[in-house]
Participant: 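Below are the structure tokens for one structure; questions will follow.
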Amino acid sequence: QVQLMESGGGLVQAGGSLRLSCAASGRTFSSYTMGWFRQAPGKECEFVAGIIWSGSRTYYVDSVKGRFTISRDNAKNMVYLQMNSLKPEDTAVYYCAADAGRPYTNVVLTTWSGYNYWGQGTQVSVSS
């Protein structure tokens, strides 16, 4: 069983920055691809960024490339999402997710159905 908990959300003005954190439980955390998803009211759950077990491969949705950076610290069971140059369109609840079904994979899946465990979400609001 894997438990995830996000933190770091809040309200910022357009152009500002936030750093989201995801704390994970379990001894096998370091074998999982981890992802960040977001969901705005009335919209589909959208893949934002993913990182494989070693941290050597990352993947981003086009709309956040160059602005967001995903990273992980396996010694601390932590995943991060650094968000810079935030836009009002980034406003959403952000979720941390773990792909525990494919340990040590070198693939980042980009659909919500590819992930087994989810955090409770943290709200990010960007004002104009």
Participant: With side chain to side chain contact (heavy atoms under 4.5 Å, CB included) as the test, would you mind laying out the steps for L4 and M34 before giving the verdict?
Facilitator: CA-CA 11 Å; L4 307 172; M34 300 294 295; 4.0 Å; yes
Participant: So W118 and Y95, would you call those rings parallel, tilted or perpendicular, with 30° and 60° as cut-offs?
Facilitator: perpendicular
Participant: With side chains defined as the heavy atoms from C-beta onward, is the minimum distance between F29 and N74 less than 4.5 Å?
Facilitator: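 Yes. Closest side-chain heavy atoms under 4.5 Å.
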Participant: Tell me whether Y115 is reachable from Y94 by hopping between hydrophobic residues (I, L, V, M, F, W, Y) whose side-chain heavy atoms are closer than 4.5 Å.
Facilitator: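 Different hydrophobic clusters.
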Participant: Decide side chain to side chain contact (heavy atoms under 4.5 Å, CB included) for V126 and M83; before the verdict, give the C-alpha distance in whole Å, the side-chain angles of both, and the deciding distance to 0.1 Å.
Facilitator: CA-CA 11 Å; V126 184; M83 305 185 295; over 6 Å; no
Participant: I want to check something: taking the side chain as every heavy atom from C-beta on, are T91 and Q123 in contact at a cut-off of under 4.5 Å?
Facilitator: yes
Participant: I want to check something: taking the side chain as every heavy atom from C-beta on, are V93 and T122 in contact at a cut-off of under 4.5 Å?
Facilitator: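 Of all side-chain heavy-atom pairs linking T122 with V93, none is under 4.5 Å.
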Participant: Which is it for R57 and N106 under the side chain to side chain contact (heavy atoms under 4.5 Å, CB included) test, yes or no, and what are the steps along the way?
Facilitator: CA-CA 7 Å; R57 180 176 295 175; N106 288 320; 3.7 Å; yes
Participant: Under 4.5 Å between any side-chain heavy atoms of R19 and Y80, yes or no?
Facilitator: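 They are in contact (side-chain heavy atoms under 4.5 Å apart), so the answer is yes.
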Participant: Please determine if R72 forms a cation-pi arrangement with Y32, meaning its NZ or CZ atom is less than 6.0 Å from the six-membered ring centre and no more than 45° off the ring axis.
Facilitator: no
Participant: Do the side chain of S17 and the main chain of Q82 share a donor and acceptor less than 3.5 angstrom apart?
Facilitator: no
Participant: Using a strict cut-off of less than 4.0 Å between a Lys/Arg side-chain nitrogen and an Asp/Glu carboxylate oxygen, indicate whether K87 and D90 qualify as a salt bridge.
Facilitator: no
Participant: Kindly check if the number of other-residue, nucleotide or ligand heavy atoms within 6.0 Å of CD (Q120) is above 12?
Facilitator: yes
Participant: Is V64 close to E46 at the side-chain level, that is, under 4.5 Å between some pair of heavy atoms?
Facilitator: no
Participant: Quick one: sort the F47 and F37 rings into parallel, tilted or perpendicular, breaks at 30° and 60°.
Facilitator: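 Geometry flag for F37 against F47: perpendicular rings.
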